[in-house]
Chemist: 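Just passing along the structure, written as structure tokens.
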Protein chains: 2
Amino acid sequence: MVSTIIKRELSRQLLLETGLKLFSEKGYEATSIRAIAKEACISLGLMYNYFTSKEDLLREIFLSGQYDIEASFATEQTSDSGITGIEQHILNTVALLKEKREFWRLLHSLRMQSTIYQEMKSPIDKQIAYIQKMIERNLLEIGFKNPSQEALLLFASLDGIASHFLMDKTYPIDKMANYLIQKYKNSSNYE
Amino acid sequence: MVSTIIKRELSRQLLLETGLKLFSEKGYEATSIRAIAKEACISLGLMYNYFTSKEDLLREIFLSGQYDIEASFATEQTSDSGITGIEQHILNTVALLKEKREFWRLLHSLRMQSTIYQEMKSPIDKQIAYIQKMIERNLLEIGFKNPSQEALLLFASLDGIASHFLMDKTYPIDKMANYLIQKYKNSSNYE
DNA sequence: AATTACTGAACGAACGTTCAATCAAAGTAT
DNA sequence: ATACTTTGATTGAACGTTCGTTCAGTAATT
């Protein structure tokens, strides 16, 4: 009985991973249940034992990905080594982008279209607002005169860098991160 | 005979506009030919007199949009008023985003997914590389030490700002543009 | 023996696409 | 001007395919 529960969870995880992989590659609409079943080496109907529909699978993939990211951002401020909060945030963002590449690709490809994404939008928006506030606090700490405007800019810059990295694996994301960090180290003197 | 040609071109334009509208709203895959025909108040089959397939319609929409944008960026350097090339570029980008919002939404929603977009990618990449070079030249002019790296950052920042504006009409894009411009005016002294 | 995991044929709906038929407009002959 | 002809624009029923989803049946596990 116990191993059944474990096995069930394993099958569920396999479907979540395979779904994420194909959704992020080809897009949600262009990926069929048949393609997911084939990729995961299971039968066509099995998905419906774990998820009520294709949309439900997407929802659960989102939920699972969000949980990981939330956890990562939550522990961000704990580390109090010599580096600033901004530096920590930038490095953390880059690490997350690399680690959860498929999830971010899915997010970036879905967020522009209204119908499917709109119902999953609200928790993500909350998370974004939270990150925004965190950046603002960190910018205020290093003496920025206009932290809310600068936070908006930094957020957009990081988002743009993320987009380019998600579209092109060879994008020099580490160089960009270091360049950004350097900028904020230098600018802390005169802003 | 002449009016027939004009009529044909008008019908074609109507389909291009309606297709762009729906593709940018709901996404390419999620938009059916039937939906386009209904929105344009024409019959189901008429699209196939002007375009060979749904994909061909998308291709032509892209081509048409690209042409407009190319034209706008090409005339960018001509204006030699008191403002710098960077300022001109930022203002021009914002103006284009507002004017061709639907096209940019379509581009941003398609560029992450491989299959459909990949064949239209090459001309767009060329255009991006050209803009990148232009930014670099402008950055060099105002005395940046590392123009190619800075151009990569400015490009990402503008792309991020664009994404946020495309997702949210109330995004303060003008404020962001002015803030960016101010940054580059001030930083020209010590970079 | 009982419970759960899994299969894949089958279903209705929706899709992109085709095409014979209809309509509107322009050209030509009377 | 009027009638006939020709041409191209437009229609929507119909076709084959694929989609998401269901479910009776089979295999595996307890």
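Below, each value reflects all heavy atoms present in this structure, side chains not excepted, and no hydrogens, waters or symmetry copies. Quick note on labels: first sequence line is chain A, next is B, and so on, each numbered from 1.
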Chemist: Can A:Lys145 and A:Glu150 be counted as an ion pair, charged N to O under 4.0 angstrom?
Modeler: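 No, this pair does not count.
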Chemist: Taking only heavy atoms on the protein side, list every residue of residues 47-60 of chain A lying under 4.0 Å from any atom of DNA chain D, sorted numerically.
Modeler: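 Output list: A:Tyr48, A:Ser53, A:Lys54.
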Chemist: Rounded to whole angstrom units, what separation is found between the CG atom of B:Leu10 and the P atom of D:dT10?
Modeler: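 Between P of D:dT10 and CG of B:Leu10: 10 Å.
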Chemist: I'd like to know whether the aromatic ring centres of A:Phe62 and A:Phe103 sit less than 6.0 Å apart in this structure.
Modeler: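 Yes - the distance between ring centres of A:Phe62 and A:Phe103 falls below the 6.0 Å cut-off.
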Chemist: Looking at B:Glu25 and B:Arg105, is there a salt bridge between them, counting it only when a charged N and a carboxylate O are closer than 4.0 Å?
Modeler: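 No, no charged N to carboxylate O under 4.0 Å.
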Chemist: Return a table of donor-acceptor pairs under 3.5 angstrom between the side chains of residues 36-43 of chain B and protein atoms on other chains or two or more places apart.
Modeler:
residue : atom : partner : partner atom : Å
B:Glu39 : OE2  : B:Lys21 : NZ           : 2.8

Chemist: Separation of A:Arg12 atom CZ from C:dT4 atom P, in whole Å?
Modeler: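 Result: 18 Å.
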Chemist: Pull out every residue in residues 29-45 of chain A that has a heavy atom closer than 4.0 Å to any atom of DNA chain C, ordered by number, or say none.
Modeler: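 Hits under 4.0 Å, by residue number: A:Arg34, A:Ile42, A:Ser43, A:Leu44, A:Gly45.
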Chemist: Output yes when A:Asp125 and A:Arg111 qualify as a salt bridge under the 4.0 Å nitrogen-oxygen rule, no when they do not.
Modeler: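 Salt bridge between A:Asp125 and A:Arg111, a charged N being under 4.0 Å from a carboxylate O: no.
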Chemist: With a 4.0 Å cutoff (strictly under), does any side-chain N or O of A:Arg8 reach OP1 or OP2 of C:dT4?
Modeler: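 For C:dT4, OP1/OP2 do not have a side-chain N/O of A:Arg8 under 4.0 Å.
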Chemist: Could you state the CG-C1' distance from B:Leu46 to D:dG8, rounded to the nearest angstrom?
Modeler: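 Distance check: B:Leu46 CG to D:dG8 C1' gives 12 Å.
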Chemist: Considering all heavy atoms of both residues, which atom of A:Glu29 and which atom of A:Ile116 are nearest to each other, and what is their separation?
Modeler: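 Smallest heavy-atom distance, with atoms named: OE2-CD1, 3.2 Å.
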Chemist: Would you kindly check if the NZ (Lys) or CZ (Arg) of B:Lys54 is within the cone defined by 45 degrees around the ring axis of B:Tyr48 and under 6.0 Å from the six-membered ring centre?
Modeler: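 So B:Lys54 doesn't make the cation-pi contact.
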Chemist: So, A:Thr84 and A:Asn138: side-chain donor and acceptor under 3.5 Å apart, yes or no?
Modeler: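 No.
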